[in-house]
Amino acid sequence: MELLKKRILQDGRSLPGGILKVDSFLNHQLDPNLMYQVAEEFKRRFEGLNYNKIVTIEASGIAPAIMLGYITQLPVVFIKKKSPKTMENMLVSVVHSFTKDRDYTVCISKNFLTADDHVVFIDDFLAYGNAAMGMLDLAKQSGATVEGMGFIIEKSFQGGGDELRKMGLNIQSLAMVESLENCEIKIR
């Protein structure tokens, strides 16, 4: 997706430690036109899959997931990073955040992820694949089927995408960052 790659190079910043900062258009301030085009591309890439629900994890996956939900007219549910006092019948997993360097006990209601669900998981980044593995764990617990996983940006040098692909998963990444060495962004 050329527009996305252009925005990453133009507005993204590479920070020490393999961090790509794209908060001016993706995960703090949002560009709704870009989110719409991202969703259109995910719709195109997942065309032909039999899915009935879109799942993401809070917070930065919500915008592209809801846009895809709007375009496809499918429900969107997000995995919560904190267990609300009002949630009953929840499934839980532990996810390590690379960016924040901490573990989250994430949860989703059993009412919103069931064995009847065929889902596409959408998130902003794929680094080591921790959020994706959490999604797979929750899907296994519920009996749901993961039909595909879409990521706006994959940091391919961190290996998560390779591991998920080895598992036979349909992984779709819209931009592949090959390196952030010396704080320079290199895109495939």
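We use all heavy atoms of the structure for the numbers below, so side chains are in, but hydrogens, waters and symmetry mates are not.
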Can you list, pair by pair, the side-chain donor-acceptor contacts under 3.5 Å of residues 177-186, counting residues two or more places apart and other chains?
unit_1: E178; atom_1: OE2; unit_2: R188; atom_2: NE; d: 3.1
unit_1: S179; atom_1: OG; unit_2: E181; atom_2: N; d: 3.0

Return the minimal non-hydrogen interatomic distance between [X] and [Y], and the atom names on each side.
X    : Y    : result
V120 : I122 : CG1-CD1, 3.8 Å
R165 : S173 : NH2-OG, 3.8 Å
A175 : I8   : CB-CD1, 3.6 Å
G134 : V95  : CA-CG2, 3.8 Å
M67  : Y36  : CG-CA, 3.7 Å

Distance (rounded to the nearest 0.5 Å) between [X] [atom1] and [Y] [atom2]:
X    : Y    : atom1 : atom2 : answer
N130 : S93  : CG    : OG    : 10.0 Å
D123 : E58  : CG    : CD    : 11.5 Å
T56  : D124 : OG1   : CG    : 7.5 Å
L91  : S109 : CG    : OG    : 7.5 Å
I57  : K81  : CD1   : NZ    : 5.5 Å
L164 : F121 : CG    : CZ    : 9.5 Å

Stepwise side chain to side chain contact (heavy atoms under 4.5 Å, CB included) test for L126 and I171: CA-CA 10 Å; L126 171 56; I171 305 299; 4.1 Å; yes

[X] versus [Y]: any side-chain heavy-atom pair under 4.5 Å?
X    : Y    : value
V94  : Y104 : no
H28  : K21  : no
M176 : S156 : yes
F46  : I54  : no

For F78, ring-ring contact (aromatic ring centres under 6.0 Å, His included) partners two or more places apart: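 Residues passing ring-ring contact (aromatic ring centres under 6.0 Å, His included) with F78: none at all.
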
Looking at residues at least two apart in the chain, or sitting in another chain, which of them share a side chain to side chain contact (heavy atoms under 4.5 Å, CB included) with D31?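 Scan of D31 (side chain to side chain contact (heavy atoms under 4.5 Å, CB included), adjacent residues dropped) gives R7, F25, N33, L34.
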
Checking V119 against M135 for the side chain to side chain contact (heavy atoms under 4.5 Å, CB included) test, could you report, in this order, the C-alpha distance in whole Å, the side-chain angles of both residues, the deciding distance, and whether it holds? CA-CA 10 Å; V119 304; M135 171 68 231; 3.9 Å; yes

Without swapping roles, check the side chain of [X] against the backbone of [Y] for a donor-acceptor pair under 3.5 Å.
X    : Y    : answer
D117 : T114 : yes
K53  : F112 : yes
K155 : G18  : yes
Q158 : A127 : no

With hydrophobic residues grouped by side-chain heavy-atom distances under 4.5 Å, do I62 and L4 end up in a single group?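 Different clusters.
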
Report whether I66 and L30 are members of the same hydrophobic cluster (ILVMFWY, side-chain heavy atoms less than 4.5 Å apart, transitive linking).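 Shared cluster, no.
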
D162: salt bridge (charged side-chain N to carboxylate O under 4.0 Å, His left out) partners, not counting sequence neighbours: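 Applying salt bridge (charged side-chain N to carboxylate O under 4.0 Å, His left out) to D162 gives none.
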
Tell me whether M1 at atom CE has more than 12 heavy atoms from other residues, nucleotides or ligands lying less than 6.0 Å away.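 Check passes, neighbour count above 12.
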
Considering only distance and modelled atom types, tabulate donor-acceptor pairs under 3.5 Å from the side chains of residues 140-152, sequence neighbours left out.
unit_1: Q141; atom_1: NE2; unit_2: V92; atom_2: O; d: 2.9
unit_1: Q141; atom_1: NE2; unit_2: D137; atom_2: OD2; d: 3.2
unit_1: S142; atom_1: OG; unit_2: L138; atom_2: O; d: 3.4
unit_1: S142; atom_1: OG; unit_2: A139; atom_2: O; d: 3.0
unit_1: S142; atom_1: OG; unit_2: A144; atom_2: N; d: 3.1
unit_1: E147; atom_1: OE2; unit_2: H118; atom_2: ND1; d: 2.7

Would you please test L49 and N170 for side chain to side chain contact (heavy atoms under 4.5 Å, CB included) and show each step? CA-CA 10 Å; L49 291 184; N170 178 356; 3.7 Å; yes

What I want to find out is whether E40 reaches K43 closely enough, with some N-O distance under 4.0 Å, to be called a salt bridge.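 No, this pair does not count.
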
Mind running side chain to side chain contact (heavy atoms under 4.5 Å, CB included) on I153 and L26 for me, showing each step along the way? CA-CA 10 Å; I153 300 170; L26 179 59; 3.9 Å; yes

Could you give me the CA-CA distance, side-chain angles and deciding distance for R45 and E41, then say whether salt bridge (Lys or Arg N to Asp or Glu O under 4.0 Å) is met? CA-CA 6 Å; R45 290 189 184 204; E41 182 63 15; 2.9 Å; yes

Only pairs under 3.5 Å count here: list side-chain donor-acceptor contacts from residues 70-77, not counting sequence neighbours, and write none if there are none.
unit_1: T72; atom_1: OG1; unit_2: L68; atom_2: O; d: 2.8
unit_1: Q73; atom_1: NE2; unit_2: Y70; atom_2: O; d: 2.6

Can you list the steps and then say if D103 with H96 is a side chain to side chain donor-acceptor pair (under 3.5 Å)? CA-CA 4 Å; D103 289 339; H96 182 78; 2.7 Å; yes

